[in-house]
J.: 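Next up is a structure, given as structure tokens.
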Amino acid sequence: MNSHVLIESFAEFARSKNIDRPTMMSILEDVFRTMIRKKYTTDENFDVILNVDKGDLEIYRNREIVDDDSEDIWDFDKIPLEEAKKIEPDYEVGEQVAEEVKLEDFGRRAVLMARQTLIQRVKDLERDNLYQQYKDQVGEIITGEVYQVWSREALILDKEENELVLPKSEQIPKDRYRKGDTVRAVVHRVEVINGTPKIILSRAAPAFLERLFEQEVPEIFDGLITIKNIVREPGERAKVAVESYDDRIDPVGACVGMKGSRIHAVVRELENENIDVINYTDNLELYIQRALSPAKIGSMKINEQTGRVSVFLKPDQVSLAIGRGGANIKLASRLVGMEIDVFREAEDYDEDIALDEFQDEIEPWVLAEFKKIGLDTGRAVLAVSKEDIVRRTELEEETVEDVFRIIRQEFEDSEEEANSGDAQ
């Protein structure tokens, strides 16, 4: 392989990878100088002249002519007069010799190795550029095209055809992709695995929702409104706490838009995710009330030392506070940074039974779990949903159902005895 073919093939490959000309020249010279050092130990007295456009390469070895008997003849930059005369008979001691070295002089193996090194250097540079490009874009939205869909992830190509990964865990559960679909996602993180950068996208991260709001709400983009916190159950529900730095701007109204025009665009992108936008406040009690929207709270007890809040609601508000699958109360807890326990407000009961009365039928450790969350009577247990108890304790759903069945049966038996007594 001559120098013309080598350089031309490398230049074409480098251009296909969008490597600029100065970088291309630098890589070429560096590789050729490495070849020189391997053959001649040093490259200090060599000139490498490249013309990438024409595919030309010239390598010159520069040495000073010394007398044949001189002690300097073994120096890398010296050449004996007798040897110099073989290059040009007219040479004399003290003159400089610029001897051209052909690529072929390095041997076929060295040239093939240079070719492989050039290709590898471009690939390394390409990987490094990809890493740097996306490292600076973490948290930003990018648009790509679905190239391949597997069970655990989807392969996305950006506009430069770089390969990005959208894992199943970072997709919205309702997302269904086919090859050729356009997808928007946020750059979640950039990892380096065995020297290769892996760009991981996300549509489930709070940052994705935050960037969507920035795109749809100019006041957020301009910094007049700030997003204090975002919590999500992707595809199901999200809560966004916002605050305005301008008293004339209603942050919630600005985010929702006229007739919901702004938030609808976000909701559509998130596969109809239900988004609650609430006004942030430093008043913790008021913040908790807003976080549990749309439920209306009767009263609450805040224990900042344990990080727990007990809220009391009317029976018809409990299901609203908990939400489908407990989503509303989970998100509210994460939004305010405290564990929220929901209780029905006490009603006038004719009779109640202490949990300790059920020790013959219910394991003591199970009863202890109920007492940990403030449920120490039968009526108190029945006033809370099974889902809420499972979430707040270490108990399995089947165990909670058994407890409910036992307590209900006891109350039914008590009512039958009472009715029987009244009839007599």
Side-chain angles (χ1 to χ4, degrees), residues 206 227-233 236-243 251-252 255 273-349 352-355 366-397 399-401 403-404 407-408 411:
I227 296 176
K228 301 293 288 186
N229 196 7
I230 292 180
V231 290
R232 293 179 66 192
E233 287 290 330
E236 294 295 329
R237 192 169 200 135
K239 289 184 181 289
V240 183
V242 295
E243 185 178 31
V252 175
C255 291
E273 191 169 307
N274 190 342
I275 303 174
D276 297 331
V277 183
I278 68 170
N279 204 339
Y280 175 81
T281 174
D282 291 327
N283 184 325
L284 183 57
E285 187 169 333
L286 179 57
Y287 191 34
I288 293 169
Q289 287 182 0
R290 291 172 178 173
L292 279 173
S293 174
K296 292 180 172 56
I297 297 174
S299 60
M300 73 176 72
K301 294 179 181 177
I302 301 174
N303 189 330
E304 294 193 24
Q305 289 184 335
T306 62
R308 300 188 79 94
V309 181
S310 298
V311 296
F312 301 88
L313 309 96
K314 292 182 179 179
D316 63 342
Q317 296 296 306
V318 172
S319 61
L320 288 175
I322 294 172
R324 187 170 67 180
N328 195 54
I329 193 168
K330 284 180 195 172
L331 292 175
S333 296
R334 285 160 52 193
L335 190 71
V336 301
M338 302 186 79
E339 190 68 22
I340 300 175
D341 298 320
V342 171
F343 298 96
R344 285 181 172 86
E345 289 183 336
E347 296 180 2
D348 294 330
Y349 291 112
D352 204 350
I353 304 172
L355 278 192
V366 175
L367 296 176
E369 284 293 316
F370 280 92
K371 291 178 182 178
K372 279 182 189 176
I373 60 173
L375 306 178
D376 54 7
T377 69
R379 297 287 186 190
V381 171
L382 296 180
V384 182
S385 71
K386 295 176 190 175
E387 294 79 9
D388 195 24
I389 292 174
V390 170
R391 184 185 65 82
R392 292 158 57 189
T393 66
E394 299 295 326
L395 300 173
E396 298 288 338
E397 189 174 345
T399 305
V400 176
E401 286 179 354
V403 172
F404 269 62
I407 294 175
R408 284 200 190 99
F411 279 118

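These numbers were taken from a predicted model, which means no experiment stands behind them.
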J.: Could you tell me which non-hydrogen atom of Leu292 sits nearest to which non-hydrogen atom of Ala321, and how far apart they are?
T.: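 Taking Leu292 first and Ala321 second, the nearest heavy atoms are CD2-O, 3.9 Å.
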J.: Look up atom CD1 in Ile329 and atom CG in Asp388, then write down how far apart they are to the nearest 0.5 Å.
T.: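 The CD1 atom of Ile329 sits 5.0 Å away from the CG atom of Asp388.
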J.: Over all heavy atoms of both residues, which pair between Ala295 and Gln317 is shortest? Give the atoms and the distance, please.
T.: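 Minimum heavy-atom contact is CA-OE1, 3.5 Å.
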J.: Distance from Phe312 atom CZ to Ile297 atom CD1, nearest 0.5 Å?
T.: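 Taking CZ in Phe312 and CD1 in Ile297, the distance rounds to 11.0 Å.
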J.: Counting only heavy atoms from other residues, nucleotides and ligands, does the tally under 6.0 Å from CD of Glu243 exceed 12?
T.: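 Check passes, neighbour count above 12.
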J.: What distance separates Asn328 CG from Ser293 OG, expressed to the nearest 0.5 Å?
T.: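 Between atom CG of Asn328 and atom OG of Ser293 there are 7.5 Å.
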J.: First locate atom CG of Leu395, then atom NZ of Lys386, and finally report the distance between them rounded to the nearest 0.5 Å.
T.: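 Those atoms lie 13.5 Å apart.
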J.: Which atom names give the shortest non-hydrogen contact between Ala291 and Ala332, and what distance separates them?
T.: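 In this case the closest contact between Ala291 and Ala332 is O-CB, 3.6 Å.
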J.: Between Thr399 and Glu369, is any pair of side-chain heavy atoms under 4.5 Å apart?
T.: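 No, their side chains stay 4.5 Å or more apart.
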J.: Do the ring planes of Tyr287 and Tyr280 sit parallel (below 30°), tilted (30 to 60°) or perpendicular (above 60°)?
T.: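 Answer is perpendicular, since the angle exceeds 60°.
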J.: Identify the heavy atoms of Glu233 and Ala327 that sit nearest to each other, and give their distance.
T.: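 Nearest heavy atoms, Glu233 then Ala327: CG-CB, 4.5 Å.
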J.: Would you please say whether a donor-acceptor pair under 3.5 Å links the side chains of Lys239 and Asn229?
T.: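 Checked: Lys239/Asn229 side chains show no N/O donor-acceptor pair below 3.5 Å.
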J.: Against Glu339, only a single residue in Arg334, Arg392, Arg391, Lys330 fulfils salt bridge (charged side-chain N to carboxylate O under 4.0 Å, His left out); can you say which?
T.: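 It is Arg391; the other options fail the test.
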J.: Is Ser333 reaching over with its side chain to a backbone N or O of Ile340, donor-acceptor style, under 3.5 angstrom?
T.: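 Here the side-chain-to-backbone pair exists.
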J.: Does the side chain of Asp276 come within less than 4.5 Å of Leu331's, by heavy atoms?
T.: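 Result no, sub-4.5 Å side-chain heavy-atom pair not found.
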J.: Quick one: does Ile322's side chain get under 4.5 Å of Ser385's, heavy atoms only?
T.: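 Yes. Closest side-chain heavy atoms under 4.5 Å.
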J.: Taking all atoms of both residues into account, what is the closest heavy-atom pair of Gly378 and Leu355, and its distance?
T.: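 For Gly378 and Leu355, the tightest heavy-atom pair comes out as N-CD2, 4.2 Å.
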J.: So do Asn279 and Thr281 actually touch side chain to side chain, heavy atoms under 4.5 Å?
T.: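 Sidechains of Asn279 and Thr281: no contact.
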J.: Is any side-chain heavy atom of Ile407 closer than 4.5 Å to one of Ile353?
T.: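 Answer no - side chains too far apart.
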J.: Under a 3.5 Å distance rule, please check whether Asp341 uses its side chain to pair with a backbone N or O of Ser310 as donor and acceptor.
T.: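 Not at all, since once roles are kept as given, no pair shorter than 3.5 Å links the two residues.
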J.: Quick one: are Ile389 and Phe370 in side-chain contact, heavy atoms under 4.5 Å?
T.: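 Of all side-chain heavy-atom pairs linking Phe370 with Ile389, at least one is under 4.5 Å.
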J.: Side chains of Ile278 and Leu335: does their closest heavy-atom pair fall under 4.5 Å?
T.: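 Contact flag for Ile278/Leu335 side chains = yes.
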J.: A quick test of your reading: do over 12 heavy atoms of other residues, nucleotides or ligands sit less than 6.0 Å from NZ of Lys296?
T.: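 No, NZ of Lys296 has 12 or fewer neighbouring heavy atoms, counting only those of other groups under 6.0 Å.
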